[in-house]
Amino acid sequence: MSVASVHNLTVRYGTKTALSDLTLEFPDGCVGLLGPNGAGKSTLLKTLLGFLCPSSGSGSVLGLDIQSQGLEIRRRVGLMPEQDCHIPGDTAVSFVAYAGELAGMPSRRAMSRAHEVLEYCGLGEARYRNVETYSTGMKQRIKLAQAIVHGPKLLFLDEPTNGLDPAGRTEMLRLIQDVSHGKGVSVIVSSHLLHDVETTCDRVVVLARGRVVREGLVRELRELQGRQIEVELHLPTPAFAERAPVHGLEIVREAAGRYRLRAPDDLPDPARAVFLTAREVGAQVRSLQPAQRSLQDVFMEAIE
Amino acid sequence: MIVFERASRWYGQVIGVNDVTCHIGAGLTALLGPNGAGKSTLLKLLTGQIRPTAGTVRVFGMAPFANPAVLARLGYCPDSEALYDDQTGEEFVTLMASLSGLVGQERSRRVAASIERVGMTPHSRRKIGGYSKGMRQRIKIAQALVHEPDLLVLDEPLNGLDPVARHEVSELLRHLGDEGRCVVVSSHILHEVETMTRNIVLMYRGRLMAQGDVTAIRALIDRHPHRIMIETPDARRLARRLLELPYVLSARLDGIEASSVEVETRAPETFYSEFPAIVMEDNFRIRAFHSPDNTLEAVFAYLVGA
Amino acid sequence: MTGASPSERSQAASPSPAGAVVSHVADLTYRGYDGPLYARSFRWRVVALSILRSALRKPAFWLLAAASTIPHLFVVFQVFMSSLMPAGASRENPFLGSGVGSKYALYFHQAITSQSFFWLFLLALLVGAGSIAADNRANALLVYLSKPLTKTDYLVGKWAGLFATLALVTVGPALLLYVYCLFTFQSEGFLREEPLLIVRLLGAALVPPIVHASLLLGFSAWNRSPAVAGACYAGVYFVSFVAAMTAWGVLHRGDFAKGVLVRHLSVAGAIDGTVQNILGVGIRVMKWQRRQGPTWIELQPPDFAVVLLLALGLAVAGVVAARLRIRAVEVVRG
């Protein structure tokens with residue numbers, strides 16, 4: 001079920017053609033939107049929200065046409081922008097409640113919903129303080145809060161973990177994961193931090209030079225051909241690489257104590273083979289995991 | 001190259017850094033810590049923007065505050081995004097190079113080389129006002145590199161960069177560290193820091209919490225036993241077997257349909273040595289095993305208590 | 001928000017005797033909003049109300065609003081004084097109503113114009129300088145326009161909020177003054193003489209808010225700092241006033257009564273001129289001559305069409321300027 005789609009979309013930005021003849025469907029769930037700078041990610045988001053007018057082609061968000069039903073779309077969609085933004089005035093609660101009222105909520109409901117949403121985003125007593133005194137982490141949370149206050153069915157998150165410290169990042173990713181699974185809300189995350197996208201999103205779409213160059217389930221994209229294992233030894237031991245083929249393992253790559261091995265399909269227990277090899281050369285195995293391509297590798301290959 | 005000796009800095013009553021003693025030498029060192037830990041104060045002390053209220057700070061053996069001798073060998077890439085919007089990238093880097101005393105042919109050569117190194121050559125003739133966030137970041141790094149400094153201080157250098165640029169810049173920083181320069185990088189993205197260096201300085205609430213190699217630090221944290229996660233279809237049987245070992249403290253299954261078991265031990269060395277033998281002896285089929293503990297994120301979480 | 005949320009179990013106690021308590025643990029995690037959402041036309045009212053609310057919250061607003069009734073109180077004082085004077089006292093005393101037109105209209109003109117020139121101007125600065133400038137600085141437009149709001153809604157809301165706030169301050173005291181005059185002069189044929197005075201009064205009271213609000217909106221939209229926006233408007237306001245007055249004094253040294261239009265070619269002048277015309281009054285100025293001493297010259301109201309056009313033109317210019325400047329997203333060129 002797709003939440004947003006574009007067909008043959010062309011968008012010109014000044015003299016530059018940012019998106020050319022783009023056809024793409026965003027499925028529901030948590031989707032990562034990736035791409036190098038200048039690929040057209042923000043242009044795509046802006047066009048879907050109705051900020052930019054396409055030169056040709058069409059698109060729809062939640063079944064509504066982007067060119068004629070922009071306002072309806074924005075009623076059902078929440079945007080968490082990358083840039084710092086807030087409405088000057090005062091406290092976080094009043095800001096989020098105001099955002100809710102702008103979306104059309106009656107003011108009482110907006111206030112109660114603002115409290116609910118701020119609680120969900122992890123702002124406790126701090127919600128009664130002036131927004132301008134907030135740290136980066138709190139500002140990010142308020143941006144998320146104002147995006148979800150009116151109960152949108154689709155969320156656009158632009159660099160949601162920007163500027164957050166490790167604890168804040170973990171918390172934000174947890175929130176995103178929570179919202180997008182089982183709550184009836186679809187999320188499109190645009191981020192440069194592939195590690196975050198890897199852990200949060202089920203699917204990714206990679207844009208480059210205004211076109212889609214890769215899309216699919218994260219799990220599938222990361223799969224490697226053949227059974228490959230990543231082994232880490234306590235200390236780098238050259239003898240390990242020499243001995244491995246004896247037990248049926250093929251070395252694919254090695255770097256400073258980390259080995260990528262390929263095990264043939266007919267080898268019943270690759271772990272056993274690794275342990276035997278290690279015992280014979282006197283190495284200590286510290287970790288053994290099925291190798292996956294990192295999203296970084298997928299990305300690099302896709303935009304080549 | 002950098003020596004903090006019981007350095008402290010207050011802002012009125014608010015503590016910036018409190019009694020920090022540490023030595024930072026050549027190579028890439030990562031400066032980590034939650035927000036408000038004192039990282040920016042530490043960087044300001046390092047780059048000579050402020051003076052310590054107590055203790056001393058020495059860079060290249062001298063106090064860096066308003067000291068041109070130190071600043072000439074220092075390259076600083078701050079995290080603020082304010083730049084001169086109506087200059088072109090090239091003009092800006094040239095200006096910075098001039099401030100470091102470079103002139104003429106040498107200056108133009110170095111400016112071009114520095115811009116090339118960050119991959120901004122096609123955009124260097126455009127005004128900074130039209131730059132995207134990533135481009136601004138790269139031009140900032142270029143100006144920090146232009147005079148070939150011995151000490152490079154970068155505050156969130158990867159901010160705003162797309163994955164390709166992140167990879168390139170991390171590689172660049174790693175090489176600069178390997179070349180023998182002292183590179184100090186402050187960052188929140190632990191996953192990336194991990195790929196750049198194993199050497200960290202961790203600040204927390206103004207105090208120096210930990211310093212050194214990540215694995216060594218992990219070994220020193222004995223408040224938390226080491227966790228090892230083992231994936232096997234036979235998890236319950238393996239758990240029973242492992243609990244027979246004297247150095248295994250606990251074994252936790254991940255659910256009724258157990259497909260993995262997580263053990264805790266205070267003697268990881270012993271565990272790793274004996275584990276393969278146990279597996280082969282009792283014929284367990286291991287799909288995977290690793291220690292979720294050994295990452296920078298885990299060490300950080302343990303130390304900072306997040 | 002830490003850790004796991006309580007699960008969604010709602011368990012009744014197992015077959016329990018009547019009256020037993022049903023236990024449950026609430027699910028306090030995120031839930032969607034399925035309540036009513038108003039139609040689009042409501043949005044500008046939200047924006048307008050927020051301006052009004054933030055104005056009413058400022059203590060300076062109340063201070064200035066109170067101070068801005070000084071002209072009205074002065075008129076009350078004048079009325080009181082004139083009631084003490086013997087009947088038929090000359091109109092030469094400048095403090096007891098002066099100028100062309102009906103006495104009452106003159107009072108209202110005096111109240112409205114002096115209020116507008118200084119007090120309302122200050123109030124407008126207080127409330128309006130930051131109306132869009134603060135949003136620019138905080139990048140708030142990104143929030144506004146990502147909601148179902150158009151730029152027009154935003155602008156109309158801002159204008160309406162500013163206008164309403166200022167109109168409260170002009171119309172309120174003016175109406176109270178009218179009621180006071182009604183009671184004081186009822187026997188003297190207050191209503192009989194000019195039944196339409198109330199209509200003209202309201203019209204006149206609305207002119208300053210319209211002009212101040214629109215112009216200030218324009219200045220605010222083109223700045224990122226409320227202080228600078230306010231300073232720009234103040235500069236334009238005073239410089240135009242001084243320039244117009246000087247030009248009039250210089251050009252028509254000989255005969256002040258002629259060329260009265262020149263005097264009104266400024267923001268303050270346009271407002272004053274329009275108010276004069278609506279109320280049908282002219283004013284008196286004192287001219288000091290070396291030999292003859294002070295004389296009073298009566299000035300007719302300036303050409304209605306011109307000042308009205310000027311006032312409306314300024315208002316429209318302000319709004320259009322604001323509209324041109326509102327942008328949600330920066331277009332990266334090249």
Side-chain angles (χ1 to χ4, degrees), chain A residues 13-16 42 46 49-52 70-79 81 83-90 95 98-107 109 113 116-117 119-124 131-132 143 146-153 156 171 174-175 178-179 183-185, chain C residues 1-5 8 27-47 49-51 53-55 57 130-154 157 224 226 327-334:
Chain A
Y13 214 19
T15 52
K16 209 174 76 141
S42 24
K46 288 171 192 167
L49 281 168
F51 289 164
L52 288 176
L71 287 176
E72 273 303 304
I73 291 176
R74 297 206 285 276
R75 241 181 175 197
R76 294 174 173 62
V77 163
L79 169 70
Q83 303 96 316
D84 250 348
C85 63
H86 67 276
I87 295 179
D90 41 26
F95 167 48
Y98 185 47
E101 285 181 56
L102 286 174
M105 296 168 79
S107 58
R109 300 288 297 260
R113 174 94 179 148
E116 210 178 289
V117 149
E119 181 68 48
Y120 177 70
C121 291
L123 275 159
V131 180
E132 268 141 35
K143 278 197 270 172
Q146 67 83 28
I148 61 179
V149 68
H150 56 293
K153 295 285 173 271
F156 288 126
E171 186 58 33
R174 195 195 59 80
L175 278 174
D178 191 55
V179 158
K183 304 280 197 304
V185 179
Chain C
M1 170 115 160
T2 55
S5 50
E8 209 179 337
D27 181 6
L28 293 181
T29 57
Y30 178 78
R31 57 179 175 170
Y33 173 74
D34 46 10
L37 281 178
Y38 290 141
R40 190 201 130 185
S41 64
F42 190 79
R43 310 299 190 260
W44 68 261
R45 267 177 274 167
V46 174
V47 180
L49 276 171
S50 91
I51 297 236
R53 247 182 277 140
S54 73
R57 251 200 305 252
S131 56
I132 301 184
D135 282 351
N136 282 339
R137 186 167 53 184
N139 207 3
L141 229 32
L142 206 44
V143 177
Y144 276 106
L145 296 179
S146 64
K147 306 282 179 242
L149 215 75
T150 58
K151 292 184 195 174
T152 315
D153 288 329
Y154 175 75
R224 294 181 73 88
R327 252 198 322 246
V329 288
E330 292 301 314
V331 178
V332 176
R333 257 163 264 285

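Order of the sequence lines fixes the chain letters, A, B, ..., with proteins taken first and strands second; residue numbering starts at 1 for each chain.
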*Looking at Leu102(A) and Arg43(C), what are the two nearest heavy atoms and their distance?*
O-CD, 2.7 Å

*Kindly compute the distance separating CD (Glu101(A)) from CZ (Arg45(C)), expressed to the nearest 0.5 Å.*
12.5 Å

*Can you name the closest pair of heavy atoms from Asp135(C) and Pro88(A) and give their distance?*
OD1-CD, 3.2 Å

*Which atoms of Ser146(C) approach chain A - backbone, side chain, both or neither, heavy atom under 4.5 Å*: both

*Name the region of Arg31(C), side chain, backbone, both or neither, that has any atom closer than 4.5 Å to a heavy atom of chain A.*
both

*For Cys85(A) and Val143(C), work out which heavy atoms get closest and say how close.*
SG-CG2, 3.5 Å

*Using non-hydrogen atoms and a 4.5 Å limit, figure out which bit of Leu49(A) sits close to chain C: side chain, backbone, both or neither.*
neither

*Considering only heavy atoms from C-beta outward, does the side chain of Tyr98(A) approach that of Leu49(C) to under 4.5 Å?*
no

_Quick check: closest heavy atoms across Arg74(A) and Leu149(C), and the distance to 0.1 Å?_
NH2-O, 3.2 Å

*What distance separates His150(A) NE2 from Lys147(C) NZ, expressed to the nearest 0.5 Å?*
5.0 Å

_chain C contact via Ile148(A) - side chain, backbone, both or neither, heavy atoms under 4.5 Å_ = both

_Is Glu116(A) close to chain C through its backbone or its side chain, or both, or neither, when contacts mean heavy atoms under 4.5 Å?_
side chain

*Best-contacting candidate, Gln83(A), Lys153(A), Arg76(A), against chain C by heavy atom pairs under 4.5 angstrom*: Gln83(A)

*Top of Leu79(A), Ile87(A), Val77(A) for chain C proximity - count of heavy-atom pairs under 4.5 angstrom*: Ile87(A)

_Go through it in stages, so that I can follow the logic: the residues are Asp84(A) and Asn139(C), the test is side-chain contact (heavy atoms from CB on, under 4.5 Å), and I'd like the CA-CA distance, side-chain angles, deciding distance and then a yes or no._
CA-CA 7 Å; Asp84(A) 250 348; Asn139(C) 207 3; 5.8 Å; no

*Which heavy atom in Leu145(C) sits nearest to a heavy atom in Phe51(A), and how many Å separate them?*
O-CE2, 3.1 Å

